[in-house]
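Let me begin by presenting the structure, written as structure tokens, before commenting on it.
A, B, ... follow the sequence lines: proteins, then strands. Residue 1 opens every chain.
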Amino acid sequence: MPAGNPLPRTFYERPATDVAPDLLGKLLVHDPDGTAETLRAGRIVEVEAYRGDSDPAAHSRSGPTARNSSMFGPPGHLYVYLIYGMHWCANAVCAPAGVGDAVLVRALEPIHGIPLMAALRNRSRRQTSCRDLCSGPAKLTQALGIEGVHDGCDLTSAEGISICDDGRMPADVTQAARIGISRGTELPWRFYDASSPHVSTR
DNA sequence: TTAGAGATGATC
DNA sequence: ATCATCTCTAAG
């Protein structure tokens, strides 16, 4: 078990803006079949918080729908959605059930299973550097093999997809405006490790 | 190195 | 029509 222990559900049972910075340095792990050969993991270096109450950019802003129902479920679960018709994005659901809070995972430092990650991201003819494997919310889901079927899965179980704590702390936590949204741009709810070369922008 | 456009489909 | 994106191509 190279990844440490999964974070407990109580970790997620807080507002997304509190959970988000604490997720920096943790490991996002996908162990699809319990074998070391297919396990891949990356250290979280960039996240964004989305809140159900008064956040115009959140998918949960207008209440539960078929797509966002995981956001309103119990904390410590995964919310996965399709964006622009072709990319999957992964969130950690936060706050008590009934509150539509989540943290979008935007970038990882690849840690384990890097050859498999490169194979899963082999669509491009261009040479994929290690920095290009997980430096974006849709890149990292492709590298880890996270898709719509994983929406709602439990992150606190060591099986399948989990977020684990191995004791490492982020070096340089920085707060800024969120990326790629047209509303709520004034809210400084993006958190990243400025010392990492693996964040989604340079 | 940077800017722009195309891909591609669910959502509300 | 919008969208919590990525990639390639072309221009400078």
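Considering only the side chain of A:Tyr79, C:dA4 comes nearest among C:dT5, C:dA4, B:dT8. If you check C:dC3, B:dA7, C:dA4 against the side chain of A:Arg106, the one that comes closest is C:dA4. Closest contact between the side chain of A:Leu104 and the listed nucleotides C:dC6, C:dT5, C:dA4 involves C:dA4. The side chain of A:Ala138 sits closest to C:dC6 out of C:dC6, B:dA7, C:dC3. Side-chain proximity of A:Arg121 to C:dA4, C:dT5, C:dT7: nearest is C:dT7.
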Polar-atom pairs under 3.5 Å, protein N or O versus N or O of nucleotides 10-12 of chain B: list them with distances, or write none.
residue : atom : partner : partner atom : Å
B:dC12  : OP1  : A:Thr65 : OG1          : 2.8

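No side-chain heavy atom of A:His77 sits under 4.5 Å from any side-chain heavy atom of A:Ser70. A:Asn91 places a side-chain heavy atom less than 4.5 Å from the side chain of A:Tyr81. Taking the side chain as every heavy atom from C-beta outward, A:Leu39 and A:His112 approach each other to under 4.5 Å.
Going from atom CH2 of A:Trp88 over to atom P of B:dG9 covers 12 Å, rounded to whole Å. Rounded to whole angstrom, the span from the NE2 atom of A:His87 across to the P atom of C:dC8 amounts to 11 Å. Straight-line distance from the CD atom of A:Glu147 to the P atom of B:dG9: 14 Å, rounded to whole Å. Separating the OH atom of A:Tyr84 from the C1' atom of C:dC3 is a distance of 5 Å, rounded to the nearest angstrom. We find that CE of A:Met86 is positioned 14 Å from P of C:dA4, with the value rounded to whole Å. Remark: C1' of C:dT5 and CD1 of A:Ile179 are 11 Å apart, rounded to the nearest angstrom. At whole-Å resolution of the value, CD in A:Glu46 and P in C:dT5 are 10 Å apart. Rounded to a whole Å, the CD1 atom of A:Ile83 is 15 Å from the P atom of C:dT7.
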Determine whether A:Glu46 and A:Ser200 satisfy the following criterion, side chain to side chain donor-acceptor pair (under 3.5 Å), listing intermediate values before the conclusion. CA-CA 8 Å; A:Glu46 179 181 349; A:Ser200 65; 2.9 Å; yes
Task: A:Asp193 vs A:Arg43, salt bridge (Lys or Arg N to Asp or Glu O under 4.0 Å): CA-CA, chis, key distance, verdict - done: CA-CA 11 Å; A:Asp193 183 345; A:Arg43 194 174 304 284; over 6 Å; no
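Where stacking is scored as ring centres under 5.5 Å apart with planes under 30°, A:Tyr50 registers as stacked on the base of C:dA4.
Checking each of A:Val29, A:Val80, A:Leu28 against A:Ile161 for a side chain to side chain contact (heavy atoms under 4.5 Å, CB included) leaves exactly one that passes, namely A:Leu28.
Nearer the 5' end of DNA chain C, as judged by each residue's closest nucleotide, is the contact made by A:Ser182, out of A:Ser182 and A:Leu140.
Within the nucleic acid shown, A:Arg178 has no heavy atom closer than 4.0 Å to any nucleic acid atom. Within the nucleic acid shown, A:Ile181 comes within 4.0 Å of sugar-phosphate atoms alone, with no base atom in reach, counting heavy atoms only. Heavy atoms of A:Ala57 sit under 4.0 angstrom from at least one base atom.
In this structure, a donor-acceptor pair under 3.5 Å is absent between the side chains of A:Thr185 and A:Arg178. Side-chain polar atoms of A:Asn68 and A:Ser60 form no donor-acceptor pair below 3.5 angstrom.
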Here DNA chain B, pairs taken as Watson-Crick or G-U under 3.5 Å and shown with ( ), [ ] when crossing and | when to another strand, reads |||||||.|||.
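Close to C:dA4, at under 4.0 Å from its OP1 or OP2, lies no side-chain N or O of A:Arg190.
Under the 6.0 Å distance and 45° angle rule, A:Arg190 counts as a cation-pi partner of A:Tyr192.
Between B:dA5 and C:dT2, the distance separating the two P atoms is 16 Å to the nearest Å.
A donor-acceptor contact under 3.5 angstrom links the side-chain atoms of A:Tyr81 to the base of C:dA4.
Nearest heavy-atom pair, A:Val199 versus A:Val45, reported as atom, atom and distance to 0.1 Å: CG1-O, 3.9 Å.
A:Leu155 and A:Leu104 fall into different hydrophobic clusters, where Ile, Leu, Val, Met, Phe, Trp and Tyr side chains are chained together by heavy-atom contacts under 4.5 Å.
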